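Notes for the one structure printed next.
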Amino acid sequence: MAYRVPFVDPAKNYRMIKDEIDAAYFEVMSKGDLIMRQQLSSFEQNLARFVGTKYAVGLNSGYHALLLSLITAGIEAGDEVIVPAHTFVATASAVVNAGGTPVLVDVGEDYNIDVDKIEKAITPNTKAVIPVHLNGRMARMDGVMELAEQHGFAVVEDACQSLGASFDGLSAGSVGLTGCWRFYPFKVLGGYGDGGAITTDDPDVARKATLLRYNGEDRETGEYHYHGITCMLDNLQAAFLDVKLRHIPEWIERRKGIAESYRRGLQDIEELRLPHFNDKRYHDIFQNYVIRTERRDGLASFLEDKGVEVLIHWRRPYYSYEALGVKSRHFPETESISKQVLSLPMNVEIGDDQVEYVIQCVRDFF
Ligand SMILES: Cc1ncc(COP(=O)(O)O)c(C=O)c1O
């Protein structure tokens with residue numbers, strides 16, 4: 001179906017920056033610079049600068065950013081890692097594949113880990129916590145870092161959805177041992193295929209991740225230091241991401257503008273909860289514009305019929321899948337979220353007329 005308002009419009013996004021992307025493509029292809037060349041280093045430097053860390057290591061996914069972070073944090077069999085119950089499955093899968101056990105904690109009304117509930121989940125086996133900055137909003141990192149200091153565990157930030165967000169002056173991905181990034185095509189910063197990264201201030205972590213992403217090999221000496229993984233960021237993707245990174249400040253402003261239009265157009269609907277939480281310490285960048293209502297399924301099909309594409313993150317909590325073998329199972333807020341949330345189109349390609357149309361459709365439903 002051709003949507004009147006698609007959730008994202010990657011072809012239109014390409015047209016917006018076509019000259020720059022085509023130039024980057026030409027530069028890489030004409031020189032044949034495909035693996036670990038200048039474009040990768042340039043992107044890594046610019047990403048680190050943007051996030052506010054000393055280092056960035058380009059990888060092919062957010063999952064691998066999490067996995068390598070946990071390996072460098074020393075997670076081993078028997079170690080417990082605290083993760084939110086409401087997140088993308090990859091957060092927990094990285095823990096399991098690193099050999100650890102995910103220990104789940106419910107989230108609060110802003111969809112991020114409920115910091116007040118973390119303490120109860122801590123045991124002598126707790127070795128790390130992964131706060132996820134979901135939907136473009138940071139988790140409450142002051143509380144997380146305080147607990148980490150008290151109990152001596154590592155903090156790995158899952159910042160896959162929050163490039164450019166901050167909390168109380170702390171920028172997403174710069175607070176914990178590492179920040180983990182995903183450049184899936186439809187993220188705030190999205191490539192044209194797979195992409196991810198780790199940001200960190202720790203030179204040892206940066207070096208180990210750099211070796212692990214390429215089979216554990218030191219490319220300068222040819223020596224192997226670890227059993228590694230093949231998971232680096234392609235040079236061509238890095239070149240594209242470097243172009244797009246330049247646009248991020250202006251694109252975040254656009255997202256905030258769209259969020260403000262949604263807020264103005266929808267705030268008087270009593271049955272609807274909007275993602276605006278009155279706390280000036282947060283700078284949210286609206287990776288997703290998540291609205292919440294008990295009539296979610298009706299609203300979703302109404303909008304689809306009107307040609308408005310919506311997404312639901314997620315209809316079923318990952319821990320409810322038997323096959324994943326996650327032991328902790330009952331999280332009331334996560335369960336209610338899975339029945340009530342829906343994400344409206346939120347991207348920099350969307351026109352003001354389309355935003356107004358979405359608002360009108362939502363109003364018509366209620
Ligand atoms: C919250 C969160 N964590 C982790 C990931 C990484 O997942 P993957 O690299 O498998 O896409 C994503 C991906 O979009 C994500 O949204």
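Fair warning: this is a prediction, and the values are worked out from it, not measured in the lab. All residue numbers in this chain count up from 1 along the given sequence. Indexing begins at 1, ligand by ligand and atom by atom, following the structure's order.
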For atom 6 (C) of ligand 1, the closest protein heavy atom turns out to be Tyr63 N, 3.6 Å

Distance col, row Leu66:CG vs Arg182:CZ, nearest 0.5 angstrom, shows 11.0 Å

*Ile291 vs Arg273, side-chain contact (heavy atoms from CB on, under 4.5 Å): CA-CA, chis, key distance, verdict*: CA-CA 6 Å; Ile291 61 175; Arg273 279 199 262 169; over 6 Å; no

If you scan protein heavy atoms around atom 16 (O) of ligand 1, the nearest is Gln161 NE2, 3.0 Å

dist Arg255:CZ -> Tyr289:OH (nearest 0.5 Å) comes out at 13.5 Å

Whether Asp33 and Lys31 form a salt bridge (side-chain N of Lys/Arg under 4.0 Å from carboxylate O of Asp/Glu) is what I want to check. no

**Asked** Parallel under 30°, tilted from 30 to 60°, perpendicular over 60°: which one fits the rings of Tyr25 and Phe240?
**Response** parallel

If we only count N/O pairs under 3.5 Å, is Gly62 in contact with ligand 1? yes

The closest protein heavy-atom partner of atom 11 (O) of ligand 1 is Arg182 NE, 2.7 Å

Of all protein heavy atoms, the one nearest atom 12 (C) of ligand 1 is Phe88 CD2, 3.6 Å

A student checking ligand 1 against Ala90 at a 4.0 Å heavy-atom cut-off should list atoms 6 (C), 7 (O), 10 (O)

Atom 4 (C) of ligand 1 has as its nearest protein heavy atom Asp158 OD2, 3.4 Å

**Same apolar cluster (I L V M F W Y, side chains within < 4.5 Å links), Ile21/Ile248** = yes

Looking only at protein heavy atoms, what sits closest to atom 14 (O) of ligand 1 is Lys187 NZ, 2.7 Å

Between Gln287 and His133, do the side chains contain an N or O donor and an N or O acceptor separated by less than 3.5 Å?
no

Atoms of ligand 1 under 4.0 Å from any heavy atom of Thr91, numbered from 1 in the order shown, are 3 (N)

So the atoms of ligand 1 within less than 4.0 Å of a heavy atom of Val132 turn out to be 1 (C)

